[in-house]
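Bear in mind the structure is a predicted one, so any value in this text is a computation, not a measurement. All residue numbers refer to positions in the sequence shown, counting from 1.
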Amino acid sequence: MDSVIDARHVSEPGLVVLDITAADEETALALMDELQQLWATSGITTVRRDPAQPGVRARVHADIRRTNPGSQAGLSQNGEERAATGAQ
């Protein structure tokens, strides 16, 4: 996996680059799916295996300021957890 992070992917508060390491591809894919349910992300990305390293790896870009309207919780600008509002 490319370890260089492009500055525009973290150019302002709320933008993150997540490097995922998981035991297997199924776990990495499940995590990426859950992340895209919470935030605006780069989606399900390619999972890579490096024979010299344990597990599998993937990289996801996310904007944690933009939550999925169907999610139950998100993060506010100051990083504190907030409950989703709306009719139940």
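A pairwise comparison of heavy atoms in V56 and E25 identifies CG2-N, 3.8 Å as the closest pair. In plain terms, the two heavy atoms of A22 and A28 that are nearest each other are CB-N, 3.8 Å. Scanning all heavy atoms of the two residues, the minimum distance from W39 to D63 falls at CB-O, 3.7 Å. Annotation for S42 and V60: closest pair OG-CA, 3.6 Å, computed over non-hydrogen atoms. The minimum heavy-atom distance between P51 and R49, with the atom names listed, is CD-O, 3.7 Å.
Side-chain contact between E12 and R65 is present, with heavy atoms from C-beta onward closer than 4.5 Å. Residues R59 and V17 have side chains in contact (heavy-atom distance under 4.5 Å, counting atoms from C-beta outward). Using a 4.5 Å heavy-atom threshold, the side chains of Q53 and T21 count as separate.
Interatomic distance, I44 CD1 to L29 CG, rounded to the nearest 0.5 Å: 6.0 Å. Annotation: the span from T41 atom OG1 to I64 atom CD1 amounts to 13.0 Å, rounded to 0.5 Å. Rounding to the nearest 0.5 angstrom, the gap separating the CG atom in L31 from the CD atom in Q36 is 10.5 Å.
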